Amino acid sequence: MADFNTLDGVNVAGKRVLLRADLNVPMKDGVVGDTTRIDRTVPGLIELADAGAKLVVITHFGRPKGARVPEMSLKPVAEALAKQLGRPVKFADDCIGDTAAGVVNSLENGEIALLENLRYHAEEEKNDPAFAAELAKLGDIYVNDAFSCAHRAHASTEGLARALPSYAGRLMQVELEALSEALEAPKHPVMAIVGGAKISTKLDLLGNLVAKVDQLVIGGGMANTFLAAKGVNVGKSLCEHDLLETAREIFKKAEAANCEIVLPVDGLVAKEFAANAPHDVSDINDVADDGMILDAGPKTIEDLNKRLESCETLVWNGPLGAFEITPFDTATVSVAQHAAKLTKEGKLLSVAGGGDTVAALRHANSDQAFSYVSTAGGAFLEWLEGKVLPGVAALRG
């Protein structure tokens, strides 16, 4: 992972720095609802501006599919960005052409501009070389600080990196270093927790992880498919019965790689999927025909927390149960809080990511204590799957 270019030692004073951010934030009625992505981007912007860069921020917003959709303008984002930065942000009504050039050329050292939605141009998602060249005219160097978009080979993530001297931004750098430490060069023993509803969406992920971790904990609905593959009656639980042979193949791959697959030994079993539904704690081998396993049980929680204490590294993607409804959030909350405790004590490196995972860790009030929590979604998953991310590959020296 040391082979990507960083900003260390780069003199940006007086240079037009074209920075790809991910400011695709939740918005309603022209008001930004969650500034998390802005907040994470701000420190890197301030560092560059304070170093004298003429900073030009580019990003996409929504899916306008090449049309100028007024509701997907970045103007409100520019206002929210200025507020979080505590300094003015100029705005250009386009990301290429005379309008954009006029705003960029007006920048003094240390000033910041945000250009209009990249996806107003269909050429962005097509990675059109001519469009990338137009973007490149607006910068002297290119900085990619949008790991969450790095799995897409778009003009602003891949094409532009080929056209200008290119570097990973600070946010991108932190993410890449965290993922490298957790999966590419980790301290062993390594545990991976993979949860969620279906194994069909995570086959590549599971196949890659069994070759890299010592223990693979499978939770959530997908655990039921693995249990059923071992002959366990999972009742009316969510289960992909057509993938039992696939699950058995993953068991074989894990055994060959000396990776232990860890499944629930008990569960919270109800007859309906609803908050506070009547339920029992059941041994995993005693689930009734009309029962639904909605969370891991107390023995499983105790086992996982004990296993964590002997681990050096944890990679987490997906909840252990139906964490959105009580009390079927119990396992996710308990294990997340224990992992957070061990991380705070310096005993565990913990890296987590994926949409439901971030929400689950926040629900457990544990996300701030993990070593790193990625909000990258698809890019995080593809990285865990061992895939090459075009936006990262383009930054390698």
Side-chain angles (χ1 to χ4, degrees), residues 179-235 237-267 283-287 293 295-297 299-321 331-332 335 339 348-354 357 380-387:
L179 293 180
S180 175
E181 193 173 5
L183 207 57
E184 292 194 358
K187 291 182 179 178
H188 289 266
V190 182
M191 174 190 285
I193 295 177
V194 180
K198 299 179 178 181
I199 67 171
S200 55
T201 60
K202 296 188 177 181
L203 290 175
D204 290 344
L205 171 61
L206 295 171
N208 188 47
L209 287 178
V210 294
K212 294 194 172 186
V213 306
D214 303 293
Q215 299 177 64
L216 175 58
V217 176
I218 299 177
M222 59 194 301
N224 302 329
T225 303
F226 280 87
L227 290 167
K230 295 184 73 173
V232 175
N233 174 27
V234 296
S237 305
L238 178 66
C239 178
E240 293 175 284
H241 291 282
D242 58 329
L243 289 177
L244 299 190
E245 188 56 39
T246 301
R248 294 185 188 109
E249 290 172 4
I250 293 172
F251 277 125
K252 291 177 184 176
K253 287 181 182 178
E255 184 178 5
N258 200 28
C259 169
E260 180 184 6
I261 290 184
V262 182
L263 296 171
V265 295
D266 61 351
D283 184 278
I284 213 67
N285 293 301
D286 297 327
V287 177
I293 306 167
D295 196 16
K299 289 183 180 178
T300 302
I301 294 171
E302 182 181 4
D303 176 53
L304 295 182
N305 285 342
K306 186 176 180 181
R307 287 171 179 272
L308 275 175
E309 290 174 3
S310 62
C311 286
E312 293 279 349
T313 306
L314 170 66
V315 179
W316 190 329
N317 173 253
L320 293 170
T332 301
V335 177
L348 183 71
L349 172 78
S350 53
V351 174
T357 315
F380 179 82
L381 279 176
E382 290 198 18
W383 187 273
L384 291 187
E385 290 166 0
K387 294 178 180 176

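Note that the structure is predicted; figures quoted are calculated from it, not measured. What you see below is based on every heavy atom in this structure, not just the backbone, and it leaves out hydrogens, waters and symmetry mates.
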*If you count the non-hydrogen atoms of other residues, nucleotides and ligands that lie under 6.0 Å from CD in E385, is the total more than 12?*
yes
_Does K253, at its NZ atom, have more than 12 non-hydrogen atoms belonging to other residues, nucleotides or ligands within less than 6.0 Å?_
no
*Identify, with sequence neighbours excluded, every residue that meets ring-ring contact (aromatic ring centres under 6.0 Å, His included) alongside F226.*
F251
*Are any of the side-chain heavy atoms of V315 and I193 separated by less than 4.5 Å?*
no
*Does some side-chain heavy atom of Q215 sit less than 4.5 Å from a side-chain heavy atom of C311?*
yes
*Is a donor on one side and an acceptor on the other found under 3.5 Å between the side chain of T357 and the backbone of G353?*
yes
*Looking at D303 and K299, does any basic side-chain N land under 4.0 Å from a carboxylate oxygen?*
no
*So, T225 side chain and E240 main chain: donor-acceptor pair closer than 3.5 Å or not?*
yes
*Let me see the working for V217 and M191 under side chain to side chain contact (heavy atoms under 4.5 Å, CB included), right down to the final yes or no.*
CA-CA 7 Å; V217 176; M191 174 190 285; 3.9 Å; yes
_T201 OG1 to M222 CE distance, which is reported to the nearest 0.5 Å_ = 6.5 Å
_Between N208 and W383, is the side chain to side chain contact (heavy atoms under 4.5 Å, CB included) condition met? List the steps._
CA-CA 10 Å; N208 188 47; W383 187 273; over 6 Å; no
*asked:* Measuring only between side-chain heavy atoms, which start at C-beta, is V335 closer than 4.5 Å to N305?
replied: yes
*For N258, does the CG atom sit with more than 12 other heavy atoms under 6.0 Å from it, leaving out its own atoms?*
no
_Rounded at 0.5 Å granularity, tell me how far CG in L243 sits from CD1 in I199._
5.0 Å
*Could you give the distance from CD (E382) to CG (L205), rounded to the nearest 0.5 Å?*
11.0 Å
_Under a 3.5 Å threshold, yes or no: a donor from one side chain and an acceptor from the other, between N317 and K202?_
yes
*When rounded to the nearest 0.5 angstrom, what is the spacing between CG in L183 and OG1 in T313?*
9.5 Å
*Distance from L314 atom CG to S350 atom OG, nearest 0.5 Å?*
6.0 Å
_Just checking E249: does its CD atom have more than 12 heavy atoms from other residues, nucleotides or ligands closer to it than 6.0 angstrom?_
yes
*Candidate pair L203 and I250, rule side chain to side chain contact (heavy atoms under 4.5 Å, CB included), full reasoning*: CA-CA 9 Å; L203 290 175; I250 293 172; 4.1 Å; yes
*Distance, nearest 0.5 Å, that separates CG of L216 from CG of L209*: 6.0 Å
*Go through the steps for L179 and F380 under the test side chain to side chain contact (heavy atoms under 4.5 Å, CB included), then give the verdict.*
CA-CA 9 Å; L179 293 180; F380 179 82; 3.4 Å; yes
*asked:* Within the supplied structure, the quantity of interest is the number of heavy atoms (other residues, nucleotides, ligands) at a distance under 6.0 Å from E302 CD; does it exceed 12?
replied: no
_Once side-chain contact (heavy atoms from CB on, under 4.5 Å) is applied, do any residues pair with I284, and if so which ones, sequence neighbours excluded?_
L227, P264, I293
